[in-house]
Amino acid sequence: MRFYQLQRPAPSTPRHWSGSLSAEHVWRLPGVECPTCHETWSGEFTLPSVDLSSLSERDLLVEPRVEAHAEYARLASHVQPFLPSGLPPEPGMRFGPLNGTAHGTFGPLSTRYGWEVLITQEALRHLQAVGIRGLVPVRGVTGA
């Protein structure tokens, strides 16, 4: 098995791509305040293929915020059935496709925040053609 590391090009590297993305995932669990130490915590785990549009509590999962543990636990329990088997919800977990705008020209692979990989359809087809398995493509930016 081969592994590859993606690195940001050096500032002196000529730029071929002009892509700019202003988008967020549709839904997110709130961050949580620890009932003991009162510190807040929110992660960055993203599940773009999880569709919460049928969840009655979905409107409470749009604005980023921090909640007391009891409210976080209540919302997390509503989200749990939508998650892959065995995956627990985490504070700040994001769901659904990116919603927003994209402008310019993007390379075959781009990253968002360094951990979300964005890939063109052509690059996805190429990776699949050379035998890369386990890729789960999710439609990208859905806004105008």
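Values below: all heavy atoms of this structure, side chains included; hydrogens, waters and symmetry mates excluded. Remember, it's a predicted structure, so these values are computed and weren't measured experimentally.
When hydrophobic residues (I, L, V, M, F, W, Y) are linked wherever their side-chain heavy atoms come within less than 4.5 Å, Val66 remains an isolated member. In the hydrophobic clustering (ILVMFWY side chains linked at under 4.5 Å, chained through shared members), Val117 is joined by Leu109, Ile119, Leu124, Leu127, Val130, Ile132, Leu135.
The shortest distance between side-chain heavy atoms of Leu118 and Leu98 falls below 4.5 Å. Contact annotation: the side chain of Phe82 never approaches that of Leu47 to less than 4.5 Å [non-hydrogen atoms, C-beta and beyond]. You'll find the side chain of Leu61 stays beyond 4.5 Å of the side chain of Phe95, heavy atoms only. Taking the side chain as every heavy atom from C-beta outward, Leu29 and Leu75 approach each other to under 4.5 Å.
Shown here are the side chain to side chain donor-acceptor pair (under 3.5 Å) partners of His38, two or more places apart in sequence or in another chain: Glu33. Scanning for side chain to side chain donor-acceptor pair (under 3.5 Å) contacts around Ser53 gives Asp51, with sequence neighbours left out. Partners of Pro91 by side-chain contact (heavy atoms from CB on, under 4.5 Å), not counting sequence neighbours, listed by chain and number: Val32, Trp41, Tyr72.
Here the closest heavy-atom approach between residue Pro81 and residue Ser77 is recorded as CD-O, 3.4 Å. Between Leu52 and Trp27, the shortest heavy-atom contact is N-CZ3, 3.3 Å.
Each salt bridge (Lys or Arg N to Asp or Glu O under 4.0 Å) pair with one or both residues in residues 114-136, not counting sequence neighbours, appears once here: Arg112-Glu116.
When atom types are taken as modelled, the side chain of His25 and the backbone of Gly96 share a donor-acceptor pair closer than 3.5 angstrom. Between the side chain of Ser20 and the main chain of Ser18, no donor-acceptor pair closer than 3.5 Å is present.
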Worksheet entry | Residues Val79, Met93; criterion side-chain contact (heavy atoms from CB on, under 4.5 Å); working and verdict | CA-CA 10 Å; Val79 168; Met93 189 177 268; 5.6 Å; no
Item to complete: Go through Glu57 and Arg74 one step at a time and tell me if the salt bridge (charged side-chain N to carboxylate O under 4.0 Å, His left out) criterion holds.
Response: CA-CA 10 Å; Glu57 303 278 343; Arg74 185 185 78 77; 3.2 Å; yes
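In this structure, CD in Glu90 is found 14.0 Å from CZ in Arg28, a value given to the nearest 0.5 Å. The distance from atom CD of Glu24 to atom CG of Asn99, rounded to the nearest 0.5 Å, is 9.5 Å.
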